[in-house]
Amino acid sequence: MSEQLASTAKAMVAGNKGLLAMDESHPTCGKRFAKLDIPQTIEMRQAYREMIVTTPGLGECISGAILFDETIRQQTKDGRPFAEVLTAAGIIPGIKVDAGTKELAGHPGEKITEGLDGLREHLAEYVQMGARFAKWRGVITIGDGIPSRGCIQANAHTLARYAALCQEAGLVPIVEPEVLMDGGHTLEQCRAATEDVLRTVFDQLHVQRVLLEGIILKPNMVLAGLACPNQETVDEVADATVETLLRAVPAAVPGVAFLSGGQSSELASARLNAMNVRYKSRAPWALAFSFARAIQQPALEIWRGEEANVPAAQQALLHRARCNRAARRGEYSAAMER
Ligand code: 13P
């Protein structure tokens, strides 16, 4: 089992590829559709995700795709389950298994992720449907007097319990503690919060006997908040991010696959590229990606719910996937965007 977990985890970050997150819950997907006047129906979600999974050549840049519960149960119009279409394209199917966030009791402004109840049974079903890895996102907010110790510890403990259950089921857990970009905080505040969160998460993973060789870490990059007037350069963000990871992430972890978190597609690629230019030869783990918005958004804006736009949307999706594969090699440049 340990060998299988370690080999799946390695495959998820092999070949300078990365992960495509397409696991938006109904409310999140609904918000993105609503902005473009796309009807929020099961048929539209099926059509959108069919556009993604049938993109020709996607497997050249994407090693794995994270699906949502509804999506892993869906099929193409000609009746092929999405998980099968992905596998045939050389893309490993994975599944989001958390049930979203709720207010953390006693901690105003902070959240805890739910979904541990019945998780063992859910995981067994997803294995039957072809999933080989899973994802769980914990959310940490920076603000006045937060994040609190209570919030960091509760989320770290929950992530570790989830990770242990995944490994028991033979699934590689993507461990995602996201320090949000929302707000006016500085990069230094994000650095301090991220280091604290990661140290606590790895402590809890150890306590829960999680095999580090068989996980993928999905962290935020270390950045100033979206509303902070002072935004560091691409190289400064790359340095702050990798320095923080070097302090807190054990070398046994095979891969770090960043979330995009609301950065523009271009900035996410440029920052990932700078990390690989500066650290690829000496970082102990792969510096990879697991983007949702930073890969999908341009394609969604072209697709807009119209069958006729599918080829152009697929081109846009493939372009972002290629930009991010180039970023893993340290070969991305603004010229690729022309
Ligand atoms: P973004 O890249 O859009 O932040 O999404 C990644 C993800 O899976 C969030 O859980």
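Source: prediction; values computed, not measured. One-based numbering along the sequence shown.
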**Prompt:** Do the non-hydrogen side-chain atoms of I142 and L180 ever get within less than 4.5 Å of each other?
**Reply:** no

**Prompt:** Is the backbone of Y332 close enough, under 3.5 Å, to the side chain of N273 for a donor and an acceptor to pair up by distance?
**Reply:** yes

**Complete:** Here the salt bridge (Lys or Arg N to Asp or Glu O under 4.0 Å) pairs for residues 251-272, sequence neighbours left out, are none

**Asked** Is there side-chain contact between L212 and F202, with at least one heavy-atom pair below 4.5 Å?
**Response** yes

Under 3.5 Å, sequence neighbours excluded: what are the donor-acceptor pairs made by side chains of residues 243-250?
from: E243; atom 1: OE1; to: R191; atom 2: NH1; distance (Å): 3.0
from: T244; atom 1: OG1; to: A240; atom 2: O; distance (Å): 2.7
from: R247; atom 1: NH1; to: E195; atom 2: OE1; distance (Å): 3.2

**Taking every non-hydrogen atom, the tightest pair across D69 and I95** = N-CD1, 3.8 Å

**Prompt:** Given the rule in the side chain to side chain contact (heavy atoms under 4.5 Å, CB included) test, do R320 and E337 qualify, once you have shown the distances and angles that lead to the verdict?
**Reply:** CA-CA 9 Å; R320 288 263 51 90; E337 303 293 354; 2.8 Å; yes

**Item:** Criterion side chain to side chain contact (heavy atoms under 4.5 Å, CB included) against P177, the qualifying member of L198, T200, V139
**Value:** L198

**Prompt:** Which heavy atom in L19 sits nearest to a heavy atom in I295, and how many Å separate them?
**Reply:** O-CD1, 4.0 Å

**Message:** Does this structure show an ion pair linking R120 with E125, if we count only N-O contacts that are shorter than 4.0 Å?
**Reply:** no

**Side chain E84, main chain P81, donor-acceptor under 3.5 Å** = no

List, one per line, each side-chain donor-acceptor pair under 3.5 Å for residues 219-227, sequence neighbours excluded.
from: N220; atom 1: OD1; to: V179; atom 2: N; distance (Å): 3.1
from: N220; atom 1: ND2; to: T194; atom 2: OG1; distance (Å): 3.1

**Request:** Enter the distance from L123:CG to L165:CG here, rounded to the nearest 0.5 Å.
**Result:** 6.5 Å

**Prompt:** So how far is it from M336 CE to H319 NE2, rounded to the nearest 0.5 Å?
**Reply:** 6.0 Å

**Asked** Below 4.5 Å, heavy atoms only, C-beta onward: do C29 and R49 meet side chain to side chain?
**Response** yes

**Message:** Salt bridge check, R199 against D203: does any charged N sit closer than 4.0 Å to a carboxylate O?
**Reply:** no

**Prompt:** Does A163 offer a backbone N or O that forms a donor-acceptor pair with the side chain of Q208 under 3.5 Å?
**Reply:** no

**Message:** Just so I know, are the side chains of L300 and I38 near enough to count as touching, which here means a heavy-atom distance under 4.5 Å?
**Reply:** yes

**Request:** Show your working on side chain to side chain contact (heavy atoms under 4.5 Å, CB included) between E176 and L259 and close with a plain yes or no.
**Result:** CA-CA 8 Å; E176 180 180 7; L259 59 95; 3.3 Å; yes

**Asked** Heavy atoms, side chains only, cut-off 4.5 Å: are Q167 and I215 in contact?
**Response** yes

**Message:** Assess the residue pair L272 and R328 against the criterion (side chain to side chain contact (heavy atoms under 4.5 Å, CB included)); give the C-alpha distance rounded to whole Å, side-chain angles, the decisive distance to 0.1 Å, and a yes or no.
**Reply:** CA-CA 7 Å; L272 180 65; R328 281 211 54 194; 4.3 Å; yes

**Request:** Check whether any side-chain N or O of K280 sits under 3.5 Å from a backbone N or O of R329 as a donor-acceptor pair, and report yes or no.
**Result:** no

**Prompt:** Nearest heavy-atom pair of A83 and I72: which atoms, and what distance?
**Reply:** CB-CG1, 4.4 Å

**Request:** Just grab all the ring pair (Phe, Tyr, Trp, His ring centres under 6.0 Å) pairs involving residues 72-92, residues at least two apart or on different chains.
**Result:** none

**Asked** Can a donor-acceptor pair be found between the side chains of T233 and D235 at a distance below 3.5 Å?
**Response** no

**Complete:** CZ of R80 to CG of L86, rounded to nearest 0.5 Å, is 10.0 Å

**Prompt:** Looking just at side-chain N and O atoms, do T54 and Q314 make a donor-acceptor pair shorter than 3.5 Å?
**Reply:** yes

**Prompt:** Does N16 reach the main-chain N or O of R325 with its side chain, forming a donor-acceptor pair under 3.5 Å?
**Reply:** no

**For M51 against A299, the heavy-atom pair lying closest together** = CE-CB, 4.4 Å

**Asked** So, T113 side chain and R137 main chain: donor-acceptor pair closer than 3.5 Å or not?
**Response** yes

**Message:** Under the ring pair (Phe, Tyr, Trp, His ring centres under 6.0 Å) definition, can you give me all pairs with a residue in residues 131-181, not counting sequence neighbours?
**Reply:** W136-Y162

**Item:** Side-chain heavy-atom pair T158, E114 within 4.5 angstrom cut-off
**Value:** no

**Message:** For residues 86-97, which residue pairs pass the salt bridge (Lys or Arg N to Asp or Glu O under 4.0 Å) check, not counting sequence neighbours?
**Reply:** D23-K96

**Message:** Treating H206 as the side-chain partner and Q204 as the backbone partner, does any N or O pair qualify as donor plus acceptor under 3.5 Å?
**Reply:** no

**Prompt:** Do the ring planes of F33 and Y48 sit parallel (below 30°), tilted (30 to 60°) or perpendicular (above 60°)?
**Reply:** perpendicular

**Message:** Just so I know, are the side chains of L267 and V234 near enough to count as touching, which here means a heavy-atom distance under 4.5 Å?
**Reply:** yes

**Complete:** residues 292-307 vs salt bridge (Lys or Arg N to Asp or Glu O under 4.0 Å), sequence neighbours excluded, gives K77-E307

**Item:** K111 bridged to E178 by N-O distance under 4.0 Å
**Value:** no

**Request:** Determine which pairs satisfy salt bridge (Lys or Arg N to Asp or Glu O under 4.0 Å) with at least one residue from residues 145-160, sequence neighbours left out, and list them in order.
**Result:** R149-D196

Could you list the donor-acceptor pairs under 3.5 angstrom formed between side-chain atoms of residues 57-67 and any protein atom two or more places apart in sequence or on another chain?
from: S63; atom 1: OG; to: M12; atom 2: O; distance (Å): 2.7
from: S63; atom 1: OG; to: G18; atom 2: O; distance (Å): 3.1

**Prompt:** Can you check whether G115's main-chain N or O pairs, donor with acceptor, with D98's side chain at less than 3.5 Å?
**Reply:** no

**Request:** Report the C-alpha distance between Q297 and R32 in whole Å, list the side-chain angles of each, state the deciding distance to 0.1 Å, and finish with yes or no for side chain to side chain contact (heavy atoms under 4.5 Å, CB included).
**Result:** CA-CA 9 Å; Q297 196 57 32; R32 294 186 191 153; 4.3 Å; yes

**Item:** Heavy-atom pair with the smallest gap, counting every atom of L287 and N276
**Value:** O-ND2, 3.2 Å

**Message:** I need the M275 CE to T241 OG1 distance, nearest 0.5 Å.
**Reply:** 4.5 Å

**Asked** At what distance, to the nearest 0.5 angstrom, does CE of M22 lie from CD of Q296?
**Response** 7.0 Å

**Message:** Is there a path of hydrophobic side-chain contacts, each under 4.5 Å between heavy atoms, that joins I146 and V201?
**Reply:** no

**Message:** Can you list everything that forms a ring-ring contact (aromatic ring centres under 6.0 Å, His included) with H26? Sequence neighbours excluded, please.
**Reply:** F68

**Asked** Would you call F258 and N324 a side-chain contact if the rule is heavy atoms closer than 4.5 Å?
**Response** no

**Request:** Output the distance between atom CD (E103) and atom CD1 (I112), rounded to the nearest 0.5 Å.
**Result:** 11.5 Å

**Message:** Under the rule for ring-ring contact (aromatic ring centres under 6.0 Å, His included), what residues qualify as partners of F291, not counting sequence neighbours?
**Reply:** F289

**Asked** Residues two or more places apart in sequence or in another chain: which of them pass side chain to side chain donor-acceptor pair (under 3.5 Å) with T186?
**Response** Q189

**Asked** Closest heavy-atom contact between A268 and Q263?
**Response** CA-OE1, 3.6 Å

